[in-house]
Q: 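Quick one: this structure, given as structure tokens, is what I'll be asking you about.
Order of the sequence lines fixes the chain letters, A, B, ..., with proteins taken first and strands second; residue numbering starts at 1 for each chain.
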Amino acid sequence: MGTQCQTKLARNFFSRPATEVAAALLGQTLVRRCEGRRMSGMIVETEAYCAAEGDLDLACHGDRVNKGRPTPRTAVMFGPAGIAYVYFTYGMHWMFNIVTGADNQASAVLIRALQPLEGIEIMRDYRARPDRELTNGPAKLAQAMAITGADNSRDLCDPHGDIWIELGVEIPLLETACGSRIGLGKTPEPWLSMPWRYWMKGNHFVSR
DNA sequence: AGGACGATTAACT
DNA sequence: GTTAATCGTCCTG
């Protein structure tokens, strides 16, 4: 007792194709240390970008932007797995992703929704919204968990880091579902319809 | 240099 | 169902 190790997920969990990681992340716990306190939530919805090794995904920043070459923004996607890719969009929202796959290929998983577990009372906008609306969307959960551009390129596997993924609960395959990704706008087929969004069936906190 | 657009959200009709 | 908010990034010229 007293020296219990946290089951922080190691890099090999993330060093797989994004679709595999996106499915495997359902039921795991996103943990944030904030002023010495734990804030956490169970991951209930994800999306994979650049799903399969070697395949193109024109919805993925790494493939769509700059002809598939890195830019200052997308560079971390081309690096090692287990790193946070956090970007700013619509002039007001932060998106939290985890880099997956091998080096030199751009792939990541977007975390789209959480079920709050710990520290809900220190999540941003607690009491300003119904609990369900704290973390039921990618921008909302980033805000609730105080994730910003300052977290971009952080290593989620760093033993001393303040943000990481912990082993959670096993979700039976029958309790999960997948479908097309949300908000892809002008992304062409077939990527527009690829079923690379994963969620927990019936979970109250899934975005839609 | 300038414009289009976005892995969203909230607030409308 | 539609649309405004709001600004960094990327592309075009």
Q: Give a yes or no on whether a salt bridge exists between Asp155(A) and Arg11(A), defined as a side-chain N under 4.0 angstrom from a carboxylate O.
A: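 Here Asp155(A) pairs with Arg11(A) in a salt bridge, since their nearest N and O are under 4.0 Å apart.
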Q: Testing the basics here: between Gly149(A) and Val86(A), what is the closest heavy-atom pair and its distance to 0.1 Å?
A: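 Answer, listing the atom of Gly149(A) first, then Val86(A): N-CG1, 4.2 Å.
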Q: Using a 4.0 Å heavy-atom cut-off to protein, can you give one letter per nucleotide of nucleotides 1-13 of chain B, 5' to 3': B if the base is in contact, S if only the sugar-phosphate is, - if neither?
A: ----SBBBSS---
Q: Can a salt bridge be assigned to the pair Glu118(A) and Arg38(A) using a cut-off of 4.0 Å between side-chain N and carboxylate O?
A: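 Yes.
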Q: Could you tell me how far dT6(C) sits from dG2(B) if I compare only their P atoms? Round to whole Å.
A: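 Roughly 22 Å separates the two P atoms.
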Q: Could you tell me how far dT3(C) sits from dC5(B) if I compare only their C1' atoms? Round to whole Å.
A: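 Here dC5(B) and dT3(C) have their C1' atoms 16 Å from each other.
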Q: Should dG8(C) form a Watson-Crick or G-U wobble pair with both distances under 3.5 Å, which nucleotide is its partner?
A: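 Across all strands, the one nucleotide that pairs with dG8(C) is dC5(B).
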Q: Identify the two heavy atoms, one from Tyr198(A) and one from Ala48(A), that lie closest to each other, and give their separation to 0.1 Å.
A: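 Here Tyr198(A) and Ala48(A) meet closest at CE1-CB, 4.5 Å.
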Q: Cut-off 3.5 Å, side chains only: do Thr100(A) and Ser107(A) have a donor facing an acceptor?
A: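 Short answer, yes.
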